[in-house]
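Worksheet for the structure shown next.
All values reported here derive from a predicted model rather than from experimental measurement. Throughout, a chain's letter reflects where its sequence line sits, starting with A, and its residues are numbered from 1.
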Amino acid sequence: MVSYLLLAMILLPMLLAAVVLAVTDRRFRNVCVLMVSGILMVSALLIIKTGAAFVEIHGTLAEVLDYVIFAADVAISLIALYFGFKFRSIVLAVLSIAQLIPLVLFHIQINFAGVEKAFHIDHLSMIMLLLVNIIGPLIAVYALHYMQEHEHHQHLTASRQHYFFATILLFLGAMNGLVMANNINWIHFFWEVTTLCSFLLIGHDQTEAALANAKRALIINFFGGVAFILGIMFIYSRVHTIAVHEILTYSDVSVLLIPMALLVLAGFTKSAQIPFQSWLLGAMVAPTPVSALLHSSTMVKAGIYLIFRFAPVFLGTWLADMSALIGAFTFAAAALLAISQTNAKRILAYSTISNLGLMITLICILDIYAIYAAALLIVLHGVSKALLFLCVGTIEQAIGSRDLEDMDGIRQRLPLTAFLATFGAISMLLPPFGVLITKWIGIEVTASLPPVMFLIILGSACTVFFWAKFIGKLLSHNPEAEKIETLFLTYQGPLAIIAVLALITSIFMIEFSNMFIAPFISSAYLGSSDQTIPNVLISDFAGFYPPAFFAVTAIALLLVFILYNWLKPKRYVQPFLSGENSGHNQFYSLSDGKFNAGFRNYYFSSVLNEHKLTYLMNSIASALLIVLFGVILR
Amino acid sequence: MAKKTILPFGPQHPVLPEPIQLQLVMEDEIVVEAIPAIGYVHRGLEKLTETKAIAENIFVVERICGICSFMHALCYCQGIESLMNITVPDRSRFLRVIWGELHRLHSHHLWLGLLADAFGFESLFMQCWRNREMVMDIMEMTAGSRVIISTNALGGVRRDIDSDQQKFILNSLNKLQEELDNIKRVFSDDYTVNKRLVDVAVISKEDAHELGAVGPVMRASGLSFDYRTTGYAAYNELDFEPIVEQSGDCYARMMVRLRECYQSIDIIRQAFAKLPEGPIASPVKGFPSGEIATRVEQPRGEVLYYIKANGTNHLDRLRVRTPTFANIPALLKMVKGLTLADIPIAILSIDPCISCTER
Amino acid sequence: MMGILQTAATKSPWIVHFDCGSCNGCDIEILACLTPLYDVERFGVLNVGNPKHADILVVSGTANYRNARVLRNVYDQMPWPKAVVAVGACASTGGIFRNCYNTLGGVDKVIPVDVYVPGCAAKPEAIMEGVLQAVQVLEKRKETGETYAG
Amino acid sequence: MNIQIIAATILLAPVIGGLIAGIDRIITARMQHRVGPPLLQPFYDVLKLLGKENIAVTNDQSLYAVLYLVFNVITLVMFVLQMDLLLILFMLLLAVASLVLGAMSANSPFSKIGAQRELIAILAYEPILISSVVGMYFVTGSFSISRILQIDRMLFIDLPLLFIAFTYVLTIKLRKSPFDFSTSHHGHQELVKGLTIEYSGPSLAMIEIAHWYETVLLLLFAGLFFANNLYVAVAAIAICYFAEILVDNIAARLTWQIMLKSTWIPGLLIAVVNMVWVYIKYHV
């Protein structure tokens, strides 16, 4: 049963990707995407219902698979090499060769051996599966309409949508493979597939900027890939196994510290930690569903997943502390940089980088609450950020701009989308939603690492600033705005579903924790499969119980609405413009001319110069990384 | 950077005592452009003077501005007197100096208070205005009214100051000087005040000269000129020096005015010491003819009156160039590049009198 | 309950001051009312500087062709019940500027005025009396429940 | 029991807050050589505002005023119920956020600039507020007020620098001069009334009442530093608030640039110094 589900989740999307690529008919494609979406959702739920398990593959099939995956992995490197020559990028060419040679050597060294327990579905995988297979398909469905509009705006002669959806499907399959594989070589392969997908999707629009940013993404991720493969070789040389569950049982940390550092480095590149953040910002040129799916909710979490997976091995070491520091630094620095951004997608991108940093910090802290918070944040952030990106995409299609300053009166122009976007932003910033709770836990658990905690405190203050600007803009009222929203089931439908999911995950945080995180902690960290031992509820955490909290908030809101009915304005007047109003937003000025009063949010562009600050932040983060490796390699 | 913050600053704005509008175009909070719009106080007063009798016009020009009303009347009277070749009695010349300096005292106190209010120092504002009431009491005692005292007349002054009143005034001034010492310490040394005034809205010596700034604005930029030194009224018999500061920022402009308060007290004391006995007005007969330009140093700088008379009881033309008008180019130069928070301070630092400027 | 609201209304008149073409004489006397010697805050009077928070509009100076619309706007942006005090001869009738080409006359040409304060310039004591009389007007408006009538 | 505490808090806090505001206004007036308003003036003001016409620029503007009030009440109740301090700070943030959003929702440049300045103020005070809570954690080993209250030491002895930093940001939080630039108690400011400029009548009254709750909360927070002795705590609160009034009267309004610099550089520095020292004292 489980193996069929695996087939459905990994191979089927990949196969259908090929079909979609071959058959360019739009209707057929839509059916395919919808079908895959349904299958993925159902199989993910079924697999979770089955519970934690190993899936073994024996005999010829296993051998064939090992060879196929090796060949495909080599092929990806060759593709990268090809693009290296095509773009005349020596760095890319060198990186792809640097990946190719160790890859081949390593496979020769291990004689193309595989792992019997090829797949391992534990509770961490399940968390990731939920994210990938519920949010992913919803975004794919959303993309159906979005890409139609997108191409409409581009005035293309021939549709390129089949490339787009093929890549998306390929990506979903690869992501499922990544989070379930137990063979570290396979993880590396799926890892490289997601890199490739990301590259193809960023470059999808074929514009100059798109191609340049795609190239950059490929280079940085390939750098991570090289670190990954080197890490695998190191691991093998030390512990002679490529099965993840066996590596995890290895208790002598010092032996594995160098390979683990390499894997963490790979995770940093994939999760766009400073100084590797530039590719994720560049990736924002891609169509918005790509940003939502790959570059905020799922693919960037692959790096987090990798670190999370191997964290039990190196927790409590220098590596973990330094990683926590780099994560916290990223959290603060990205939040600070987000203040200076006017482009809504870039704000979201910086916020994503920032949150990924927080996840890494939480993962690398030896505290049971931190692990809870990290796992929760992966889900909560994925859901909320997907929602936000999709809303920004919808707004961008409607008003032709993704600049925050152009979104005045969006509340009247696109009421539903603006409402959902506001909800998404609030769920990222304010209580009682979960993201804030994880930040709260973050501060409380990092008390043992004061510098890290201090960075989190600074970062959360900056976070408030840019989110409040964002929400304020979405809610601002413009008397001249008119409604232009058109509703489609497949367009706003996924948005609404994701919003509901965001609400549900926040309310049922504790149930979620009990279901997934507590068992994960007991098996991965306490080395016990007895799920009753560490059943730590967040409710133990200072008497905090989310549903009660939500209930109080709901009652408060009800109260507010009652009071508000009493307070409803009796008369509307024009705003205060020093008495010179000539219209709602206009005033008389020089020679009785009518001028528009304007308002632009503060971005501190003179102080927070993105270019200079990025340079500074990159230097600091690089220095931290060098210190990390310097100490480990001593 | 397409969108900018555009803010109509005034006409109804509590920081501005008078209606004027500055359309501020800002980035973050830095003003990139300030476009003034005026006309809110324009009444057509110059035209009005052509319909009134020459003696009545004293009351009209006093209402050009309620703060420096005495100086306006003085300037007008001096113009008409020199057109008609009237020599005013010595006593009235000294009385004019005394009232003139009292006006300067009340105007500078008022300004110091408004400045304190503009940078949010409420208790300092209260203190300045509390001190000012001493001057207002003197006005009320000597003239019967507080702000528009109407003691000027063609050929001299309308009221005398007797020796009892003199004693009271000198006493009050002693008290005022003590209080002034207190507020001077706050204005010149307080950390927060310095933060808000030093190096804000700087006008260099060259700029001040080139833009034709007058009065304290000019003197704060290091140009030493005070129209009183030319010796109109009784100033030629009194001993004083123009007060000059070098740095040209708001702090310097504040210091000039603060020190001028001491100077005024000193001048009034000198004037009382030298006050001659005698009549307070000479008789005036007939009507003036010809044209003349006269100047007087007001609290805000020099005011220029151009009077054209034709031998009848009505003037052909009366033209007033007020100090604020001369300082507006300097103001517009100052505000560029300031932050929004400094705008009220910069505007106040020229001590604008819009009702003078627009008449 | 309504009774308490009514007494409260008489104890906290917030003013907004608009200078429409005055010679500054009355303006500085209005400001002087706030300062230690007169201290209108004894009666709960605050100068809020913003029509939306104010109960009483204190106007000085004559209305002219340009500032009439500002005056009207400021008046319109005040919440009901509200009262208007015209301070000084100019605001009451146009005063010495009555016949100038750019003036409309007293502010009652533009907005309804409840209390006229004479004087050129009006003395602070007179202005305070005027404001306190306007409070009576406010109270009466509150009692009769007179609604907003433009 | 809890219900009684909650009810007492909700009913008593505005009375205390209003009285504090009244005393504040009288002391301020005396410092300015004035007589000042009657003690009950803040109540008269609010009652008057409640009876006025509610005019607004946008439909949902008053909604945010009510939200501001309700969240302030909830925060105070959470404090009185001795819950987690960090959570309380986040709830306080929610309250301020609703005020900011209300100001942003109206299409008025003055109120929007006020909102931005309030956000900058959050940027300035939030790290120090959280730092003081963390400092308390280092000493007591808990973020929960109930456990902080059980400690028999006076927190002030361990956290004097943090207390200084806290009183510094208290000025920002209470919107007193020199940091009253997002909205000020008197209208003579470049933004007029900034944040609250578009509110009138009952919705303005909501904001005033909310501010009373907030004042009580912040003063209780200051009292936490002296929590083991009730009399000392009350005296400390009184001295603390008097100092705020004094500073309010002897300082010009500074700019937010200066505020941000002073809280992030010397402010955070002394906070960190204090945190490091208690960390070493209790944990190393």
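- In D:K281, the NZ atom is crowded: over 12 heavy atoms of neighbouring residues, nucleotides or ligands sit closer than 6.0 Å.
- Side chain of D:Q116 to backbone of A:N601: no donor-acceptor contact under 3.5 angstrom is found.
- For A:P575 against D:V57, the heavy-atom pair with the smallest separation is CA-CG2, 3.8 Å.
- If you take CE on A:M453 and CD1 on D:I130, they are separated by 9.5 Å, rounding to the nearest 0.5 Å.
- Residue with the most contacts toward chain D among A:I339, A:L475, A:L474: A:L475 (heavy-atom pairs, distance under 4.5 Å).
- Taking every heavy atom of both residues into account, A:A556 and D:V70 meet most closely at CB-CG1, 3.5 Å.
- Smallest separation of non-hydrogen atoms from D:M104 and A:A468: CE-O, 4.4 Å.
- Note that CH2 of A:W440 is 4.5 Å distant from CG of D:L87, once rounded to the nearest 0.5 Å.
- Between the side chain of D:E126 and the main chain of A:S460, no donor-acceptor pair closer than 3.5 Å is present.
- Looking at D:L63, both its backbone and its side chain come within 4.5 Å of chain A, counting heavy atoms on both sides.
- Looking at heavy atoms from C-beta onward, D:L67 lies in side-chain contact with A:L557 at the 4.5 angstrom threshold.
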Could you go through the side-chain contact (heavy atoms from CB on, under 4.5 Å) check for A:F576 and D:V192 one step at a time? CA-CA 10 Å; A:F576 178 78; D:V192 193; 3.6 Å; yes
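- Rounded to the nearest 0.5 angstrom, D:L101 CG and A:K469 NZ are separated by 14.0 Å.
- For the residue pair A:R411 and D:D60, the shortest heavy atom distance occurs at NH1-OD2, 2.7 Å.
- Contact check for D:L268 versus A:F454: side-chain heavy atoms found under the 4.5 Å cut-off.
- Heavy atoms closer than 4.5 Å to chain A are found in the side chain of D:V272, but not in its backbone.
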Can you list the steps and then say if A:Y602 with D:L119 is a side-chain contact (heavy atoms from CB on, under 4.5 Å)? CA-CA 10 Å; A:Y602 291 5; D:L119 285 179; over 6 Å; no
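- Interface summary for chain A: among D:I120, D:V100, D:L93, the most heavy-atom pairs under 4.5 angstrom belong to D:I120.
- For D:F138, the part lying near chain A is the side chain, with the backbone staying farther off; criterion is any non-hydrogen pair under 4.5 Å.
- Two residues are said to be in side-chain contact when any heavy atoms from C-beta on lie closer than 4.5 Å; A:V573 and D:E198 fail this criterion.
- Contact annotation for D:L89: neither backbone nor side-chain heavy atoms come within less than 4.5 Å of a heavy atom of chain A.
- Looking at D:I197, the atoms closer than 4.5 Å to chain A (heavy atoms on both sides) all sit in the side chain, from C-beta outward.
- By the neighbour-count criterion of 12 heavy atoms within 6.0 Å, atom OH of D:Y282 is densely surrounded, having more than that number from other residues, nucleotides or ligands.
- Nearest heavy atom pair, residue D:P127 against residue A:I457, reads CA-CG2, 3.5 Å.
- For a residue to count as touching a neighbouring chain, one of its non-hydrogen atoms must lie under 4.5 Å from one of that chain's; by this rule D:I74 touches chain A with the side chain only.
- Within 6.0 Å of CZ in A:F550 there are more than 12 heavy atoms belonging to other residues, nucleotides or ligands.
- Among D:R117, D:K112, D:Q61, the residue making the largest number of heavy-atom pairs under 4.5 Å with chain A is D:K112.
- Annotation: side chain of A:F599 is not in contact with side chain of D:N107 (no heavy-atom distance under 4.5 Å).
- When side chains are defined from C-beta on, D:L123 counts as touching A:C462, because their heavy atoms get closer than 4.5 Å.
- If you measure heavy-atom distances from D:Y199 to chain A, you find no contacts under 4.5 Å at all.
- Rounding to the nearest 0.5 Å gives a distance of 8.0 Å between CD of A:E444 and OG of D:S142.
- With respect to chain A, the highest number of heavy-atom pairs below 4.5 Å among D:P202, D:A115, D:S146, D:A124 belongs to D:P202.
- The heavy-atom pair separating A:I443 from D:F90 by the smallest distance is CD1-CZ, 4.3 Å.
- Chain D forms the most heavy-atom pairs under 4.5 Å with one residue out of A:D408, A:N478, A:L436, A:L577, and that residue is A:L436.
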